[in-house]
Structure formats: structure tokens, C-alpha cells
Amino acid sequence: MLKRTKTCGELTEANICDNVTLTGWVAKHRDLGGLLFIDLRDRYGKTQIVFNEETYPEIFKIARKLGLEDVIGIRGVVVARPEGNVNPDMVTGEVDVEVTELDVYNESAPLPFDVNDRNSANEDHRLKYRYLELRTAELQHNMKVRHKAAKATRDFLDSNDYLEIETPVLMKSTPEGARDFLVPSRTHKHKFYALPQSPQTYKQLLMVAGFDKYFQIVKCFRDEDFRADRQPEFTQIDIEGSFFTQDDVMEMGTSLVQYLWKTVLDISLPDSFPSLSYHDAMERFGSDKPDTRLEMELQEFSEYVKQSEFNAFKTVVDNGGRVKALVCPNNSKYSRKVIDGLTDYMKTYFGAKGLAWMKATDGVLSGGISKFFSEDVQANIRKDLNVNDGDILFIIGDEEKVVLNALGALRLELAKRENLIDENAWAPLWVTDFPLVEWNPDNNCWDALHHPFTSPHPDDLDKMDTDPGNVRSLGYDIVMNGYELGGGSIRIHQRELQEKIFRLLGIADDEANEKFGFLMNAFKYGAPPHGGMAFGFDRIVMLMVHSSQIRDVIAFPKTTSAMSLMDNSPSLVDAVQLEELALSLVKDEPSD
RNA sequence: GGGGUGGUGGCUCAAUUUGGUUAGAGCACCGGCCUGUCACGCCGGAUGUUGCGAGUUCGAGUCUCGUCCAUCCCGCCA
């Protein structure tokens, strides 16, 4: 085998006359008759190699048969390209390698798609041949960025005295939170491990063990339904520290994100990130992960409703509901048909009962529900909400949750339509003061908003028994461009408080003991106050490469139905395997 | 669990307002020509169970129903 002396991405005119050996893939083949050009590609770039029938007829004959993606090695001489034939678009465009020796290592079958063009096939097809898609320039780049981000993470945390400690992948199943992936135990029949949804309990135990600064870049697994930014297995940067306050964690998280963006992208993020309470984020942006690259905010509208004749909204306000509005430019684009489309979107996905609107033109509000508002009220609306001619107001009235949720989604939809988001901007922020628990009307119980180990806010402890819905937690999320990059909390480190929370969440004492007894026990033996957070590593890299799908930054991702199209997993297993595990399959119930 | 979009040679797409000859084109592949190409060019060739299954019809890529897969979204994801 020819051992390469150079890569395909480094030869320049400085190398002219050098004898070099290159290895790589045939990326392009241009046969001019007695002269043949091949673009040879490896991880580092492309180099044009030349075969000449006159000088090396034997080699030429073989080279002529080469096809796309054949793997070859060549020895040759670096020569300057003739005048006028330099390719300024290629790093190596000033030189050719005239081939004097050729080895063919592997001939490629006709390709399922063009690896020079990621758009040359549908995604399911590319996923089936993911190892080919990974040859594309885009995915090669994404994997490099992912590597750099992982290395920068380790460098940063290492230099701040964090220890990377691995935790088990086979662990105890807990039904709280997301659905677990289960792994049957052979040696303990009828028992199962679970794959971790996160190493949460382990890292807390590491705090008890005295590893006061821990981190891990770790795979996590959640068996829920998937999205463009959610895969069944994903990677977290998991971090925890002892004697940390919320500010300590947020400071560390800010520094890490700044370091990552600086190191990987050479981008300087602001010295400090803005911080919004959950309440303000919901009121102003209709989201707990607001995209603050966009200024448009939800505006209070109940006052004007009270002064109007619009009974549908008046009833909403009288019944304790909310009415809020968005002001959007370019009202001429919003024909009846377009507005109907938006209304459908609001109704179908966000439970809104409708979408009211008014247009501002020639100094008045017109159309939609404008006739229900007197001239004076209209004037106030225009002044207070800063409405200009050419704007359109969208208004939703409903119970609070629906209003905020729907308008939050509409805000993003309008931003997309109006192109209001600067794609090159970075808008990091913290969201704090999350509610500790949330009422679950289906099961008639309180659910932890973050997780059951999150500490309540010390100022709200007195409300724990009387008004749990208004107890804030010491939980926080970090948000970037409308994506939740990560989140965490100060944890409970006292057995008594933890027991109290479990009871609030409707987890009986013996159940809590069975599931989390090991953690509660650990708290008996000197547990330091501690807290931390976890970042969605895939999402960080996704944002860094300006993608909107984490599949783009995972080497071998799964589909939205959690299948791997390349190796066809999940798949059936042998009866023998099942027998060993003491498992038997239930016949599929006919659906419906 | 629900909604939207899509599925036609190896790949990307096309096939004129419910339908009508032999389902076309580009890329890739095979053969031939071509000594400065870099989206090389030119000539020729091979390639189709229109995702799958029913139905309507004299006739279905096209219409109806079901189903599978992909994708985006809602629910879900402590």
C-alpha cells in the first residue's frame, strides 16, 4: 500500500517539484481523451491529479477506468498548472500532481446518490447510506465542529478543576419524567435495567462523595416522540458542583458558552447574558425559550377590550382570561386568505378559538374587529402599542395558557414570514424563577416542572403547603436563539425536604423509598449543598453549524420513528435470546 | 395519539382543469470520440411492479379507501 506523504488539502506552489504520495477517493473524473483529470478527495480537501497517455500509457489505461468514489493511492510529481488554468476556488488550485504510480484499493459500485451534493437524495435514502452522506463536505464539517466543541468543553472544564467521571449506562428505572428505554436482565429474570434519561442521581451522589466539581459528556436516552431537535439518544454536557449557588452555576454556564463560541466559531458573545424570569418570558414572548433575536413582543390588550363592544373578548376577561396582541408590519400581505390560514394554524395546534385582527392604515384601525373599538380607544391602542400605518394587530383572548402559547407561536411564524430574524445574530439568555410544580389535570396531581430533586426557592417555602403552584424553584434554563441549550437547578440536599417534595408530587413514602432510597440514604451521611446543569450538546453543535436538525450533527442518527435506516434497528431477535431473558412476546393487538 | 407535506428508472424531478397511445428529462452507469479540464464537451446504449394493498372505471402514475415509510408540527419530552 502506498503511504501518503501529504493530504489532499495542502499542496500549493511551494511544493512544486516535490515527489508526493496521496491517498483518497475519486471525487470527479474528467476525461479529455489523451489527458485525464481526477479530483482526489480526502478529509482534508481535494487535489487535482493528472494522467497523461503519452508519458505513462500503462497507468493511463487503468486510470481511465476509474469511477466515482473508487479508493486509490498515487505517487507523483507536483507541477504548476499552465497559465490560465489555475483554479482560484481550490486551496490546491495552483498545482497538479502528475501521476507516476497508481494503486487501486477499492472500486466503488454505482453510487446510490451523489456525495458531492447532499441535496441529491431524500433524507431517508441518505440515512440508509449514512456512511456515504458522511462523505459530504457539509457533514464532514459538522463532525469537525462537533469534535472541536467537545474538546473545548473538556479543556474549559478541566482548566476549572472539573473532573470527568463516567456513570453507569445500565441503571434503575424510574417512571417519573420521560419514558425509559428498558434492558432486560439475564441473570435476574423478570428484572430490567433502564438506560439513563440523564445521570442526575449519580451526579448528586458524586457530590455526596466529595467530587465537588464534576462533569461528563454523556449519552442520554428518552423514549418519547421525536422532533427535528430531539433524538432517542442524545448527548449532554452534564455538570455539577458542590457549595454552588444559582449564581455560581449561571456564571459557570455563561463562561462555558462564551468559551465554546469563541474557541469554535471565534465569536465573542456578550460579557454577561440577560436574565428573564419565567413569568416575564411567558408574558413578553409567549415562550419559556424565547428567541430574542426578534423584538416583537406580546402586548397587554385587556384594557382596550373592557372599553370595547367586542363581547367575545369581554367575556374572556370577565372570566379571568387574558387578551394579548402582537403588532406585525406589512399588513398589505395579510389578505383574508392569509389570515384565515394563520387562524387555522392557531386553532389546530394551539387550541386558540380564533385569531382577531385589525389593520392600521391612514391613521385609523380598520377591518377585523376594529368596528368594536371607538375612535378614542383606537387612538390609545395606536399610541400605547406603538402601532404605525402599515401594521396589522393580531389579538387572541382565551385562558392565559392558550393566549401566551398561541401568540408565542404566532410571533415566530410572523417573524419567519416577515424575515425579521437576523440569522447571523446570537441571542443567549437565562430564564429563571420557574415554578416548582405544575398542576396535572389529567392525573389530578402536581408534577415537577424540572425534576423532583429541584430545590424550592427559599423565599417561597412558606407557600409549599398552602399554594404550591406559586412556589418558585431554584431552576434555570439557558436559551439561545429560541432553543433551550441547557438547564439545571440547585438540588435538594436534605432528606426531610426531599421527602416533602415527593409527598407533594404524590409519590408515597414507600414508593419514594423503593425508587430513590439510595439517594435519600446518601443524604444522611453528609451531603453538601449542590447544584448544576446540563447542556444539550447536539443542539449546541446544531446552532454552531446553522442547522435546525440535530440529525445533521450526529454521525448515525435515527428517524423520527426511532429507527436506524442503515442497520434496520430496532429488529426482531432470536427466540433463544428471548428465552434466556425469560421474555415472551405478546401478539400485537389490532390497532383500533 | 392527532394534523400538514411527500413517495414515479440507482438518484433528482416531469407527465397539461377526476383519467386515455410506447411514463419523459438531467445526473450516475456502460460503450465510443476528444491533450488543459475543474458542473469538461460530443455521439450512442441499458435502466420502471409509479411505496404496498384494495376499490371505482372500457381504461388509473392521475380518482376513492386502507396501509407502510420519511419529514415538519401539536400532544409528549421531569
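Numbered from 1 within each chain, the chains take letters A, B, ... in sequence-line order.
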Inset, instruction - Please work out which of the three classes, parallel, tilted or perpendicular, describes the rings of A:Tyr278 and A:Phe434, given edges at 30° and 60°. - result: tilted
Legend entry - N or O in side chain of A:Thr348 less than 4.0 angstrom from B:G3 OP1/OP2: no
Legend entry - Closest-nucleotide 5' rank along RNA chain B - winner of A:Phe453 and A:Phe350: A:Phe350
Legend entry - Protein-nucleotide distance (A:Arg126, atom CZ; B:U71, atom P), rounded to Å: 10 Å
Legend entry - A:Asn122 (side chain) and B:G7 (base): donor-acceptor pair under 3.5 Å: no
Legend entry - P-based separation of B:C42 from B:G26 [nearest Å]: 10 Å
Legend entry - Whole angstrom value for the distance that separates P of B:G36 from NE2 of A:His29: 16 Å
Inset, instruction - Could you check if a side-chain atom of A:Gln549 sits within less than 4.5 angstrom of a side-chain atom of A:Pro557, using non-hydrogen atoms only? - result: no
Inset, instruction - For A:Thr560, answer base if it contacts any base atom (sugar-phosphate contacts may also be present), sugar-phosphate if it contacts only those atoms, and nothing otherwise; contact means non-hydrogen atoms under 4.0 Å. - result: base
Inset, instruction - For the pair A:Asp70 (side chain) and A:Gly67 (backbone), establish whether a donor and an acceptor sit closer than 3.5 Å, ignoring hydrogens and angles. - result: yes
Legend entry - Closest nucleotide among B:C38, B:A70, B:U35 to the A:Asn85 side chain: B:C38
Legend entry - Length of the CD-C1' vector between A:Glu123 and B:U12, whole Å: 16 Å
Legend entry - P gap between B:G75 and B:G19, integer Å: 41 Å
Inset, instruction - Report the distance from atom NZ of A:Lys558 to atom P of B:C69, rounded to the nearest whole Å. - result: 16 Å
Legend entry - Side chain A:Glu53 and base B:U35 donor-acceptor under 3.5 Å: no
Legend entry - Selection from B:C74, B:U35, B:A70 that lies nearest to any side-chain heavy atom of A:Asn52: B:U35
Legend entry - A:Thr343 side chain reached by A:Lys347 side chain, heavy atoms, under 4.5 Å: yes
Legend entry - Polar pair under 3.5 Å, donor/acceptor by atom type, side chain A:Arg30, base B:C34: no
Legend entry - B:C38 OP1/OP2 closer than 4.0 Å to side-chain N/O of A:Arg81: no
Inset, instruction - Using a strict cut-off of less than 4.0 Å between a Lys/Arg side-chain nitrogen and an Asp/Glu carboxylate oxygen, indicate whether A:Arg118 and A:Glu133 qualify as a salt bridge. - result: yes
Inset, instruction - Give a yes or no on whether a donor-acceptor pair under 3.5 Å exists between the nucleobase atoms of B:C77, that is its base, and the side chain of A:Arg230. - result: yes
Inset, instruction - Would you check, one step at a time, whether the test side-chain contact (heavy atoms from CB on, under 4.5 Å) holds for A:Val545 with A:Val553? - result: CA-CA 8 Å; A:Val545 302; A:Val553 300; 3.7 Å; yes
Inset, instruction - If the plane angle is over 60° it's perpendicular, under 30° parallel, otherwise tilted; pick one for A:Phe516 and A:Phe518. - result: tilted
Inset, instruction - Look at the side-chain N and O atoms of A:Gln549 and state whether any lies under 4.0 Å from the OP1 or OP2 oxygen of B:C72. - result: yes
Inset, instruction - Using a heavy-atom cut-off of under 4.0 Å over every strand shown, decide if A:Pro112 touches base, sugar-phosphate, or nothing. - result: sugar-phosphate
Inset, instruction - Taking the side chain as every heavy atom from C-beta outward, state whether A:Thr167 and A:Leu206 have any pair of such atoms under 4.5 Å apart. - result: yes
Inset, instruction - Output the single nucleotide from B:C38, B:C76, B:U37 whose closest atom is nearest the side chain of A:Asn87. - result: B:C38
Inset, instruction - Would you classify A:Ser198 as touching base, sugar-phosphate or nothing, given that sugar-phosphate means primed atoms plus P, OP1 and OP2, and contacts are heavy atoms under 4.0 Å? - result: base
Legend entry - Listed nucleotide nearest any side-chain atom of A:Arg227, set B:C74, B:G36, B:G10: B:C74
Inset, instruction - Measure from CG on A:Asp225 to P on B:C77 and round the result to the nearest Å. - result: 10 Å
Legend entry - A:Glu54 side-chain proximity, nearest of B:A70, B:U71, B:U35: B:U35
Inset, instruction - Please determine, for B:U37, whether a Watson-Crick or G-U wobble partner exists with both distances under 3.5 Å, and give it or none. - result: none
Legend entry - Nearest-angstrom distance, C1' atom, B:G51 to B:G9: 15 Å
Inset, instruction - When you get a sec, tell me which of B:U71, B:C77, B:G36 is the closest nucleotide to the side chain of A:Pro82? - result: B:G36
Legend entry - Residue mapping more 5' on RNA chain B - nearest nucleotide basis, A:Arg222 or A:Arg551: A:Arg551
Legend entry - Base of B:C74 and ring of A:Tyr349 stacked, centres under 5.5 Å, planes under 30°: no
Inset, instruction - Name the nucleic acid region contacted by A:Arg41, choosing base, sugar-phosphate or nothing; use a 4.0 angstrom heavy-atom cut-off, strictly under. - result: nothing
Legend entry - Spacing of the P atoms in B:U22 and B:C13 (rounded, Å): 28 Å
Inset, instruction - Please say whether more than 12 non-hydrogen atoms of neighbouring residues, nucleotides or ligands are located less than 6.0 Å from CH2 in A:Trp25. - result: no
Inset, instruction - Summarise protein proximity over nucleotides 25-31 of chain B in one line of letters, 5' to 3': B for base, S for sugar-phosphate only, - for none, counting protein heavy atoms closer than 4.0 Å. - result: ---SS-S
Legend entry - Gap in Å between the two C1' atoms, one belonging to B:U47 and one to B:U8, rounded: 14 Å
Legend entry - A:Glu224 CD - B:C77 P separation (whole Å): 6 Å
Legend entry - Whole-Å C1' distance, B:C52 and B:A70: 15 Å
Inset, instruction - Describe the nucleic acid contact of A:Asn116 in one word from base, sugar-phosphate, nothing, applying a heavy-atom distance below 4.0 Å. - result: nothing
Inset, instruction - Rounded to whole angstrom, note down the C1' distance from B:C77 over to B:U67. - result: 28 Å
Legend entry - Complementary nucleotide for B:G6 - Watson-Crick or wobble, under 3.5 Å: B:C69
Inset, instruction - If B:C77 has a Watson-Crick or G-U wobble mate with both distances under 3.5 Å, name it; if not, just say none. - result: none
Inset, instruction - Report the distance from atom CD of A:Gln197 to atom P of B:C76, rounded to the nearest whole Å. - result: 16 Å
Inset, instruction - Using both distances under 3.5 Å as the test, list the Watson-Crick or G-U wobble partner of B:U62, or none. - result: none
Legend entry - Whole-Å gap separating C1' (B:G36) and CZ (A:Phe51): 15 Å
Inset, instruction - Scan A:Leu32 against the nucleic acid and name what it touches under 4.0 Å (heavy atoms): base, sugar-phosphate only, or nothing. - result: base
Legend entry - Counter-base of B:G26, judged by Watson-Crick or G-U geometry with both distances under 3.5 Å: B:C11
Legend entry - Residues A:Arg503, A:Asp509: salt bridge by 4.0 Å N-O rule: yes
Legend entry - B:G41 versus B:G53 - spacing of their C1' atoms, nearest Å: 48 Å
Inset, instruction - Report the C-alpha separation of A:Gln200 and A:His451 in whole Å, then their side-chain angles, then the decisive distance to 0.1 Å, and conclude whether the side-chain contact (heavy atoms from CB on, under 4.5 Å) test is met. - result: CA-CA 9 Å; A:Gln200 183 60 37; A:His451 58 55; 3.4 Å; yes
